[in-house]
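Heads up, the thing below is written out as structure tokens.
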Amino acid sequence: MKQLLIRADDIGYSYAVDLGIARAVHDGLVRSVGVMPNMPETARGVSWIADADIAIGQHTNVCLGRPCADPARIPSLLGADGCFHSSREFREHFKAGEELVDYDEACIEIRAQHNRFVEVVGREPDYFEAHAVLSKNLNQAIHDVAADLGLREQVASFDPMAVVTCANTPVRMVMGSMAPDYDPAAFIRSTVEAMTDGETVVVVCHPGYLDNFILQNSSLTTPRVQEVDALIDPELRAWLEAQPDLRLIDYRDL
């Protein structure tokens, strides 16, 4: 039996993103949602999915907005304006062989975001990972904090063929939204068709609608809207449910 987990990242990113994710949950295929604890729209977005039977995870964010921790305790993570370094800054430093993140400071912020997550969601996260940032120290801090808190860590991967783990379950993580001519429904179908028996694959999506904040702060725009439409498409749902060897799961099943 194959297992497919469709995950929606970025609750809290913006009002419009939250709208799209909520629709993909209530009218669509999404059963695992990642929350960015530090963002101003997080509480509102969580309230829109609170009554859904889904897995809700901590999508730790250190590249957008302001921190949950005392800024004086985490200077390596912040720019002069008191906001996190951008993902572009992380990429540039990573390519130069430079580590922006101080490990101890990362642990402080991760724990502060966990506290905020529990405050907003009202329970522990069903899974634990980080918004895409190229940093070995951040990844190590996520791993160590998850282990200390006894949480289900989703190990990060940017290689669609690499096998990583979540709760000791081997999984592959795939994301097609950065590809030219991206077709979300076709991507999900081709992913399922390429899966082998016994394999678990996490499809990472970023459904959402667009507002000025997302247009000003993210390079991922049109694919978000396309993903909402694909994930609420009854034809795609029917096709997935018709596959005799496929089980649709969420993080609580791992």
field: Within one Ile-Leu-Val-Met-Phe-Trp-Tyr cluster: Val118 and Ile56, side-chain cutoff 4.5 Å
entry: yes

*Test item: Leu100 and Glu98 side chains (from C-beta on) under 4.5 Å apart, heavy atoms*: no

Honestly curious: do Val120 and Ile21 fall in one hydrophobic cluster under the side-chain, below-4.5 Å linking rule?
yes

Would Gln154 and Val164 satisfy side-chain contact (heavy atoms from CB on, under 4.5 Å), going step by step from the backbone distance to the final call?
CA-CA 8 Å; Gln154 171 61 79; Val164 294; 3.8 Å; yes

Indicate yes or no: at least one non-hydrogen side-chain atom of Pro170 is less than 4.5 angstrom from one of Thr200. no

Check your understanding: Is a side-chain N or O of His114 found less than 3.5 angstrom from the main chain of Gln58, in a donor-acceptor match?
Key -> no

State whether the number of non-hydrogen atoms from other residues, nucleotides or ligands found under 6.0 Å of Glu235 atom CD is greater than 12. no

- Message: I'd like to know whether Val145 forms a side-chain contact (heavy atoms from CB on, under 4.5 Å) with Leu149, so could you lay out the CA-CA distance, the side-chain angles of the two residues, the decisive distance to 0.1 Å, and finally the verdict.
- Response: CA-CA 6 Å; Val145 173; Leu149 296 175; 3.6 Å; yes

Exercise for the section: State whether the number of non-hydrogen atoms from other residues, nucleotides or ligands found under 6.0 Å of Arg88 atom CZ is greater than 12. Expected result: no

Please determine whether side-chain contact (heavy atoms from CB on, under 4.5 Å) holds for the pair Phe90 and Leu138, giving the CA-CA distance in whole Å, both sets of side-chain angles, and the decisive distance to 0.1 Å.
CA-CA 11 Å; Phe90 278 102; Leu138 177 65; over 6 Å; no

Test item: side-chain donor near acceptor, Ser14 and Asp211, under 3.5 Å
yes

Those residues at least two apart in sequence (or on a different chain) that pass side-chain hydrogen bond (donor to acceptor under 3.5 Å, both in side chains) with Arg247 are Gln3

Is it true that, when you exclude Met161 itself, more than 12 heavy atoms of the residues, nucleotides or ligands shown sit nearer than 6.0 Å to its CE? no

Check whether any side-chain heavy atom of Lys136 lies under 4.5 Å from a side-chain heavy atom of Asn139, and answer yes or no. no

Asp126/Arg252 ion pair, N-O < 4.0 Å: no

Can you hop from Tyr182 to Val17 via hydrophobic side chains spaced under 4.5 Å?
yes

*Does Glu227 pair with Arg224 as a salt bridge, N-O distance under 4.0 Å?*
no

Any Lys/Arg nitrogen of Glu193 or Arg189 sitting under 4.0 Å from an Asp/Glu carboxylate oxygen of the other?
no

Practice problem: Answer with yes or no whether the side chains of Asp10 and His59 bring together a donor and an acceptor at under 3.5 Å. | Solution: yes

| Considering only heavy atoms from C-beta outward, does the side chain of Trp239 approach that of Ile188 to under 4.5 Å? | no

Using a 4.5 Å cut-off on heavy atoms from C-beta on, say whether the side chain of Cys68 contacts that of Glu109.
yes

Hey, are Glu153 and Tyr127 close enough side-chain-wise for a donor-acceptor pair under 3.5 Å?
no

*asked:* If the threshold is 4.0 Å, N to carboxylate O, is there a salt bridge linking Glu129 and Arg7?
replied: yes

Notebook entry, point to check: Out of curiosity, does Leu29 fall in the hydrophobic cluster containing Val25 (side-chain heavy atoms, cut-off under 4.5 Å, transitive links)?
Noted result: yes

- Query: Are Asp144 and Tyr103 linked by a side-chain donor-acceptor pair shorter than 3.5 Å?
  - Reply: yes

*asked:* Side chains of Tyr209 and Arg23 only: does a donor on one sit below 3.5 Å from an acceptor on the other?
replied: yes

Do Phe213 and Leu64 make a side-chain contact, defined as non-hydrogen atoms from C-beta onward lying under 4.5 Å apart? yes

Checklist entry - In terms of side-chain heavy atoms, does Thr60 have a donor or acceptor partner in Gln113 at a distance below 3.5 Å? => result no

> Taking 4.0 angstrom as the limit, do Arg44 and Glu41 come out as a salt bridge?
Replying inline: yes

Sub-4.5 Å side-chain heavy-atom contact between Tyr13 and Met36:
yes

A side-chain contact here means heavy atoms from C-beta on lying under 4.5 Å apart; do Val203 and Cys205 qualify?
yes

Check your understanding: Are Tyr251 and Val204 in one and the same hydrophobic cluster, where Ile, Leu, Val, Met, Phe, Trp and Tyr link if side-chain heavy atoms are under 4.5 Å apart?
Key -> yes

